[in-house]
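Beneath this line is the structure, given in structure tokens, with notes to follow.
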Amino acid sequence: MQKLGISPNVITIVCSLKACGNTGNLSVGKKLHMDIIVEQLEGNPFATNSLIYMYTKCGSLDEAWHIFEEMHSPDIISWNSIISGFAEQGENERALALSKQMQEQGLLPDNTTLVGVLKAVANMEAFEHGRRLHAQVFHSCEDQSIDLIVATALVDMYCKCGSIVYAQQVFNKMETKDYVLWTSLLTGYAQQGYSDLLFQAYDSMKAHGLQPTAVTFLSLLNVCSHAGLINSAYSILEVMCGYGIEPDIKHLNCIVDLLGRSGQFFLAFAVLERLPIKPTYIIWSTILGHCRNHSISELAQYVFECAVSDEEVESAFFVVMSNLSSEFVSEEYEDVLHSCYGTSASSSLL
DNA sequence: CTAGGGTTAG
């Protein structure tokens, strides 16, 4: 559009910023920020709120905060954007403090604020805080019908805090249940290792006419992996394909994890060879973790070499490797680790 | 045209 000589307006920029946020494209996002200045849209609340959205989604919290701070009178959307953004990036205390600050300024929290705050509380596994918020939600809606998205956030929060019973209560009280609400409970069962409950709830969900999604299957595979249910995992893969859902790297990683956990490294490698895409360092980390459990140092060294050739490799991988190398990898290999200074290895080793 | 829900493993 710009090549045709058409200047962007607020709408163009707002839509593009959303796309940048969703894909984590910070460099284009910054360019759009400049466009806002060029087009003299700096005071426009839509443009400004969209900038906050884009920067938080791209992980540039300082930049988002800077813009928020400069606003003359941030509206509820500005507050919610910054609160959700901080919560999403794990800046939980900051998100909670901002919600408090917002209310001190006389703005009432709405459902969106609540969802952001619940996310922060879930991240912190702050059960008591979550209970208080739940009570607050309950009293604030007169007909006692909780908003579906708030309910989903509550179920997720209770599950992350380890309280399945409260999660079930919230879930059961909802008259309309969509597939995301169901999945939040299923994922909770998976996270807490309740495989029987998970399979029951999965059947029940289907009986209610809701279709499983790729995320549903990921929860099922996850629980199989932790419980060591290899055959169940294989049949889940088949069922998935029957629904026309192609297993992606996350699903296959569950399978690799399952095989590695039981020491079946050859099978794990066979799965990797059949991958349509190159294994990521994340998959190598999974295998590496199991090398440690099975004390196989030769394999660990091979896997290490595969992983460092991934340009996306992150420091977390080196943490796994460095824990392991202190146990049984040779000193010579420590040198290889150190030679990775300058990549993300340095931050984790120092 | 701006804000909110579920996503493996280590």
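In what follows, chains carry the letters A, B, and so on, assigned in the order in which the sequence lines appear, proteins first and then strands, with residues in each chain numbered from 1.
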Pair up each side-chain donor or acceptor in residues 190-204 of chain A with any protein partner under 3.5 Å, not counting sequence neighbours, and list the distances.
unit_1	atom_1	unit_2	atom_2	d
A:Q192	NE2	A:C159	O	2.6

Item to complete: Could you tell me whether A:S81 contacts a base, only the sugar-phosphate backbone, or nothing, with contacts defined as non-hydrogen atoms closer than 4.0 Å?
Response: sugar-phosphate
Worksheet, complete the sentence: A:N44 meets the side-chain hydrogen bond (donor to acceptor under 3.5 Å, both in side chains) criterion, sequence neighbours left out, with none
Practice prompt. Write out all pairs satisfying ring-ring contact (aromatic ring centres under 6.0 Å, His included) with one or both partners inside residues 23-46 of chain A, taking only residues at least two apart or from two chains.
Written response: A:H33-A:Y55
Worksheet item: Mind checking whether A:F86 and A:E93 have side chains closer than 4.5 Å, heavy atoms only?
Response: no
Worksheet item: How far does CE of A:M34 sit from NZ of A:K30, to the nearest 0.5 angstrom?
Response: 11.0 Å
Practice prompt. For A:V150, report the nucleic acid contact type (base, sugar-phosphate, nothing); a contact means any heavy atom under 4.0 Å.
Written response: base
Practice prompt. Assign A:L154 to base, sugar-phosphate, or nothing according to its heavy-atom contacts below 4.0 angstrom with the strands shown.
Written response: nothing
Discussion item. For chain A and DNA chain B, what are the first and last nucleotides along the strand, 5' to 3', with at least one atom under 4.0 angstrom from a heavy atom of the protein chain?
Written reply: B:dC1 to B:dG10
Worksheet entry | Neighbours of DNA chain B within residues 99-118 of chain A, by heavy-atom distance under 4.0 Å | A:D110, A:N111, A:T112, A:V115
Worksheet item: So what does A:T213 hit on the nucleic acid, given a heavy-atom distance under 4.0 Å: a base, only sugar-phosphate, or nothing?
Response: base
Worksheet item: So what does A:N222 hit on the nucleic acid, given a heavy-atom distance under 4.0 Å: a base, only sugar-phosphate, or nothing?
Response: sugar-phosphate
Discussion item. By the 4.0 Å heavy-atom rule, please label A:N9 as base, sugar-phosphate, or nothing.
Written reply: nothing
Worksheet item: Contact class for A:L148 vs. all strands (heavy atom < 4.0 Å): base, sugar-phosphate, or nothing?
Response: base
Worksheet item: At under 4.0 Å between heavy atoms, what does A:D178 touch on the DNA or RNA strands: base, sugar-phosphate, or nothing?
Response: base
Item to complete: With sequence neighbours excluded, tell me which residues meet salt bridge (Lys or Arg N to Asp or Glu O under 4.0 Å) with A:E88.
Response: A:K57
Discussion item. Ignoring hydrogens and geometry beyond distance, is a side-chain donor-acceptor pair present between A:S81 and A:N49 at under 3.5 Å?
Written reply: no
Fill in: Donor on one side chain, acceptor on other, A:D62 and A:H66, under 3.5 Å
no
Worksheet item: Would you call the rings of A:W79 and A:F68 parallel, tilted or perpendicular, where under 30° means parallel and over 60° means perpendicular?
Response: perpendicular
